[in-house]
Protein chains: 2
Amino acid sequence: MEEYVPVLRRTKLFSGVGDEDISAMLSCLGARLKRYKKGEYVLRQGEHLSDILVLAEGSLHIRRDDYWGNRSILGYVGVGEIFGEAYIAPESGALLNDVVAVEDSSVFFFDVRRVMTTCSSACRFHTTVVQNLFFAVSDKNRGLVQKLDYMSRRTTREKLIAYLSEEAKRQNSADIVIPFNRQQLADYLSVDRSAMSNELGRMRDEGLIEFNKNRFRLN
Amino acid sequence: MEEYVPVLRRTKLFSGVGDEDISAMLSCLGARLKRYKKGEYVLRQGEHLSDILVLAEGSLHIRRDDYWGNRSILGYVGVGEIFGEAYIAPESGALLNDVVAVEDSSVFFFDVRRVMTTCSSACRFHTTVVQNLFFAVSDKNRGLVQKLDYMSRRTTREKLIAYLSEEAKRQNSADIVIPFNRQQLADYLSVDRSAMSNELGRMRDEGLIEFNKNRFRLN
DNA sequence: ACAAAACGGTTGTAAATACAACGGAAGGAA
DNA sequence: TTCCTTCCGTTGTATTTACAACCGTTTTGT
């Protein structure tokens with residue numbers, strides 16, 4: 001686990017905490033590290049969760065399949081990001097989504113109660129971490145509101161523009177790389193792949209955007 | 001403000017805190033109370049916020065109008081609920097939505113920094129409140145994921161079923177009352193009102209549901 | 001009580017989307 | 001290389017949705 005301290009240092013959760021303190025906190029917080037192969041499930045819909053998770057390596061999709069086989073992707077988790085935070089309240093029920101490894105990944109599990117309960121002894125930065133977690137959850141919340149904004153758009157084109165321009169803002173560039181292929185992007189925006197492909201083509205014809213694979217440029 | 005202590009006592013934020021302690025904490029937390037007439041804006045898109053808000057009386061809609069006049073309703077806030085929690089992180093930007101009073105309402109404003117920073121003196125239950133806030137935000141998060149689930153459905157009928165059955169689960173009854181009229185429900189689910197009205201009629205014809213005004217029964 | 005506004009169901013038409021199927025291109029594995 | 005799979009753009013058709021307009025009913029304000 002120690003090998004990932006440099007990764008953890010750059011996460012929102014451990015922001016402001018030094019390497020040696022992170023090392024110390026790993027045991028204090030009851031950290032466990034699990035590895036997943038591409039395609040494996042990290043979490044499954046219906047399970048119960050009492051941990052906060054941090055992605056140390058790889059990438060994940062948060063998604064949901066209904067029983068007609070319709071898949072929707074709710075979110076993407078990149079290295080250093082927190083997930084599972086919607087289930088930390090004691091009365092929160094079963095998981096609403098699956099979490100799946102898009103590539104080989106490593107995930108830290110932190111026991112919620114040990115994170116929330118400040119330990120008297122070693123960890124000088126425990127309160128910092130709790131506060132960081134708080135802000136991270138709040139920010140996650142903001143991200144969900146953002147996604148609701150894409151989803152509330154009526155047409156495929158509007159969804160694409162809303163998503164791409166938000167990504168451009170987030171990545172601070174008109175050239176962006178998205179973490180989805182076409183099918184995944186369609187599942188993320190809840191539209192039909194072929195219709196979306198059409199719309200992307202039309203938008204390119206009109207000079208609104210350029211793209212190649214999962215790399216887009218907004219004009 | 002004291003008059004609302006019985007209301008606050010029943011909120012998630014002050015769960016487990018006695019009346020006299022709530023009274024004491026109001027000043028400690030820098031509480032302010034504002035009143036709004038029906039239709040007034042509590043918050044506006046683009047503003048910055050450094051408070052956590054609790055609805056003491058009335059009801060609110062969280063909504064967004066784009067500049068084509070398309071309105072979407074992101075959520076409903078009932079008495080005792082927390083809102084504005086997506087903007088507590090120091091680096092969180094401008095508000096993404098408007099918050100509007102659906103009826104005459106009263107709102108508590110709590111300064112985030114004073115809530116987050118445990119004061120040494122009077123408030124014995126400060127840490128309880130912080131933990132409550134944490135769980136509330138986490139739960140809010142879960143609610144947003146739930147809403148993303150409605151929104152990801154492709155057809156109006158699926159959205160209606162997803163929403164109504166979730167409400168039935170939440171209200172623990174097959175008879176439910178929803179906080180929206182038809183236009184508002186359409187804006188909440190991001191569908192056309194007339195198309196939705198049609199679909200509701202068809203669902204009634206098929207015996208799936210019964211309804212009258214904003215009261216629904218699922219069969 | 002009255003007028004005005006809001007509400008909700010209905011209809012018809014245009015537009016957008018979903019669905020299925022196809023095929024070329026790209027990428028991996030043997 | 002060759003085979004197989006995945007990816008993604010394209011097409012055509014059926015379905016669904018959006019939009020606008022209308023009207024009787026209900027609600028609201030005075």
Checklist entry - With respect to B/Asp149, which candidate in A/Lys147, A/Arg64, A/Arg63 satisfies the salt bridge (charged side-chain N to carboxylate O under 4.0 Å, His left out) definition? => result A/Arg64
Next on the checklist: Quick one about A/Ser194 and A/Asp192 (side-chain donor to acceptor, distance below 3.5 Å, no hydrogens or angles considered), yes or no?
Outcome noted: yes
Checklist outcome for this item: note: B/Arg215, atom CZ; C/dC7, atom P; distance rounded to Å ~ 18 Å
Next on the checklist: What's B/Asn181 touching, base or sugar-phosphate or nothing? Going by heavy atoms closer than 4.0 Å.
Outcome noted: sugar-phosphate
Item to check | Test applied, side chain to side chain contact (heavy atoms under 4.5 Å, CB included); reference residue, A/Thr11; option that passes from A/Val54, A/Val79, A/Val17 | outcome: A/Val54
Item to check | Donor/acceptor link under 3.5 angstrom from B/Arg193 side chain onto base of C/dG9 | outcome: yes
Checklist entry - Looking for any heavy atom pair under 4.0 Å, which part of the strands does A/Thr156 touch: base, sugar-phosphate only, or nothing? => result sugar-phosphate
Checklist entry - So what does A/Ser197 hit on the nucleic acid, given a heavy-atom distance under 4.0 Å: a base, only sugar-phosphate, or nothing? => result base
Item to check | Enclosure of A/Arg32 CZ (heavy-atom neighbours >12, cutoff 6.0 Å) | outcome: yes
Checklist outcome for this item: Whole-Å distance, B/Arg182 CZ to C/dG9 C1', equals 9 Å
Checklist entry - Quick one: the side chain of A/Ser194 and the base of C/dC19, do they pair up donor-acceptor inside 3.5 Å? => result yes
Item to check | Nearest-angstrom distance from the residue atom CD of B/Glu199 to P of D/dA18 | outcome: 11 Å
Checklist outcome for this item: note: A/Arg202, atom CZ; D/dG9, atom P; distance rounded to Å ~ 13 Å
